[in-house]
Amino acid sequence: MSPSAHLDLLAALGYAVFEQSTDGSFHSLGDAPEWLPAGSLMEAFPFLEVFLPDAEAFWADPARDHSTLPSDFWTQTDARGNNLHFCAIAVAGEQKLLLIERTRLRFEQTQAFVQYAHQTKLAHDEIARLGRELQRATEAKSEFLARMSHEIRTPMNALLGVAELLSETPLNAEQGEYVRIFRRAGDNLLNVINDILDFSKIEAGQVELEYIAFDLADVVQEAIEIIGVRARAKGLCLNSDIRPEVPPRLMGDPGRLRQILLNLLSNAVKFTDRGGITVRVKPDADQPAPCTLHFTVRDTGVGIPFDRVSTIFDSFTQADASTTRKYGGTGLGLAISKRFVELMGGRIWAESTPGDGSTIHFTARFSVAETTTALEARAPKATAPAALANRALRILLADDSEDNRFLVRGYLRDTGCVIDEVTNGAEVVEKFKGGAYDMVLMDAEMPVMDGYSATRAMRALESERTGPPTPILALTAHALKEARDRSIEAGCTDHLTKPITKTALLEAVHRYAPEHPNAGRIHVAVESWLKPVIPAYLEKRRGDVAKLRFALDQGDYATIRTLGHQMAGSGAGYGFAEITEIGGTLEESALAGDAARIRDGVDALDRYLNNIVTE
Ligand code: ADP
């Protein structure tokens, strides 16, 4: 193609081509297209004044890596009043070429694209903003629910606890009935709070299942025992049937499984006036794995209308709104159960014949756990209150609520425990510094210093002493798992959620009570420069106890004499005058060959070493 043919083609495509002369002016190559305004190039397109400096720099730049440099689009009105759109393109090469393009289509496409990009960005920003707002709202809701639950649980702790204490006092029949109603209403209220809290956690995606070994029969039995009280009161029979093919010991989340069974059983009792309820467990026939189980809870109650059978698992839904007042409930129990079942890899559904009763089915996946060892099976369950009697533990109780302190005192009244009370974290730390306590019961939220900071401070103090750490039990009204994690992280031994029943408190105190209570502890102040070597010194003496007993059995008085002599010489130097004294006695008795006195001396040393706490 000849150069002029190229120019014709460009003109046909809407381009005019100019070359810059050495004097800086531009002249047209080829015929000027009819849309080109009259006059010199700069007169025709005043916009070029903006672009030309860039074009000059581009032509002059030896490192330019583009062969063309386009300008922005500009718009001019022609003699007939039409808006025309243009763009200039500097072309690199031997000549300084400038193309002027009439760009109707490209301009419109670009404009549409720019607009689209702009709108997309706006939409994106809006979505991001709504997302942030939603996140804030969800956080605020969770925070609000956790706080409300805390605020309700704190007085509930006092109400339910006092009702429990009251029920243990002599009451006439009428008073007894009032207290029962009081306790039942409190329990119901607590269930509602727990449901709402569970539901909000599920909504926020915060539920994680446990994976631990458990006995299926125990879980079913516990649920039946809890609901059995209500079933008996209504004259209903309550049975369970676990098929022999079901593995007895499973791995999974027994707590959540119990919660599902409790929900279904409590509905069954609520909606049944006559007949009975049966829980059945068998392997799921649709699944080959032996540990996918099929549970059914069958009742002979009012049943569920046909058209509501599938909607009862939705949140806040009750089969018949008109029965709501008669039966009560939040409509959350089944929605929560459904989520738990799904997390366990199963499904839940209902079958019902109105008037004849309902069967709620669910499946759930577990794995087989190793069977219980014979030892575990024989281990007796602790009977806490009896076991605690006369332990005379020294307990430090920290709670700013007078009511809650009253309650703990009441719960521990007959156990012989001695309780010191304080009302804030700073006081706990002060008391802890000065006293020898067997256990600390610590409210989490207190003025001045909260329970978490106080626990940290106490653990730091303990790290400078010898002796076992003091059990610190957090008592909080926070029911979420994070609250438990927070307590454990701060150094608490365990976490009890208010409202705390008498049995739960006694069990926990019993479980964590030290074997050698502080009541019999011997506190010895040692000089600070000796502190680093004290643990090794005492450990050595504990080793001596075993050596002494062995030597006594062998009639090896020479060894006893040597060990006694060493102790007599070193004890007081480390601050343990008692060891020096016992050592002296042992040395003397070994010389005299007095086995009985040696035995007493070794026992005294053993006791002393077991009860010593250095500060
Ligand atoms: P609620 O707190 O109202 O019991 P649930 O989610 O546990 O909430 O149950 C939702 C609804 O499903 C109940 O209100 C009731 O109408 C219906 N329902 C559940 N179980 C049964 C049952 N065993 N018999 C009859 N109706 C039932």
Side-chain angles (χ1 to χ4, degrees), residues 110-157 188-210 253 255-256 259-260 263 308 310-319 321 324 328-348 443-447 450-453 474 476-490 495 497-499:
T110 306
Q111 286 300 88
F113 180 74
V114 167
Q115 188 147 358
Y116 174 74
H118 181 64
Q119 276 166 356
T120 309
K121 182 172 180 316
L122 286 183
H124 189 271
D125 289 352
E126 183 65 2
I127 290 167
R129 191 183 64 77
L130 290 174
R132 280 194 302 276
E133 253 172 41
L134 195 65
Q135 177 74 18
R136 265 200 300 276
T138 311
E139 277 166 14
K141 190 183 77 174
S142 296
E143 167 73 11
F144 173 75
L145 282 170
R147 179 127 300 273
M148 281 313 289
S149 146
H150 179 268
E151 292 307 306
I152 297 170
R153 265 164 208 279
T154 305
M156 286 284 288
N157 189 43
N188 285 345
L189 182 54
L190 201 61
N191 284 340
V192 173
I193 299 167
N194 286 342
D195 269 5
I196 294 176
L197 208 64
D198 266 345
F199 185 71
S200 74
K201 273 199 295 181
I202 288 172
E203 260 202 327
Q206 289 170 350
V207 175
E208 277 174 31
L209 291 189
E210 274 201 310
D253 190 332
R256 274 5 186 301
Q259 205 174 333
I260 299 168
N263 272 338
R308 308 307 300 268
S310 56
T311 58
I312 56 170
F313 299 101
D314 298 342
S315 27
F316 305 109
T317 305
Q318 299 183 315
T324 311
T330 53
L332 284 177
L334 288 180
I336 293 168
S337 302
K338 181 172 181 230
R339 275 304 287 145
F340 287 161
V341 165
E342 285 167 354
L343 285 169
M344 292 183 186
R347 61 191 192 97
I348 187 165
D443 183 28
E445 290 197 6
M446 285 184 290
D450 67 18
Y452 305 112
S453 312
T476 82
H478 288 296
L480 294 176
K481 182 171 173 289
E482 300 85 81
R484 184 190 171 77
D485 295 347
R486 206 172 153 203
S487 307
I488 303 296
E489 212 176 286
H495 169 108
T497 305
K498 291 177 187 171

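The shown structure was predicted, so the numbers you read here are calculated from the model rather than taken from an experiment. Values below: all heavy atoms of this structure, side chains included; hydrogens, waters and symmetry mates excluded.
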* Structure fact -> Here the gap from Leu343 atom CG to Lys338 atom NZ, rounded to the nearest 0.5 Å, amounts to 11.5 Å

* **Distance-minimising heavy-atom pair for Ile193 and Ile152** => CD1-CG2, 3.2 Å

* Structure fact -> Sorted by chain and residue number, the side chain to side chain donor-acceptor pair (under 3.5 Å) partners of Glu489 (sequence neighbours excluded) come out as none

* Asked: What's the shortest heavy-atom distance between Ala477 and Arg153, and which atoms?
  -> O-CD, 2.8 Å

* Structure fact -> Which of Thr154, Asp443, Thr476 passes side chain to side chain donor-acceptor pair (under 3.5 Å) with Lys498? It is Asp443

* Asked: side chain to side chain donor-acceptor pair (under 3.5 Å) with Glu342: which residues, sequence neighbours excluded?
  -> Arg339

* To do: Over all heavy atoms of both residues, which pair between Pro499 and Asn157 is shortest? Give the atoms and the distance, please.
  => CA-OD1, 3.1 Å

* Asked: With no hydrogens and no angle check, do the side chains of Asp450 and Ser453 hold a donor and an acceptor under 3.5 Å apart?
  -> yes

* Structure fact -> Of all heavy-atom pairs linking Ser337 and Asn263, the shortest is OG-ND2, 3.0 Å

* Salt bridge or not for Arg129 and Asp125, using N-O below 4.0 Å? -> no

* To do: Check Tyr452 against Ala444 and note the closest heavy-atom contact, atom names and distance.
  => OH-CB, 3.6 Å

* Considering non-hydrogen atoms only, spot the tightest contact between Ile336 and Gln259 and give its length. => CG2-NE2, 4.4 Å

* To do: Apply side chain to side chain contact (heavy atoms under 4.5 Å, CB included) to the pair Ile260 and Met344, showing each step before the final yes or no.
  => CA-CA 11 Å; Ile260 299 168; Met344 292 183 186; 4.2 Å; yes

* Structure fact -> Taken in chain and number order and not counting sequence neighbours, the residues that satisfy side chain to side chain donor-acceptor pair (under 3.5 Å) with Gln119 are none

* Are side-chain heavy atoms of Glu126 and Leu122 found at a separation under 4.5 Å? -> no

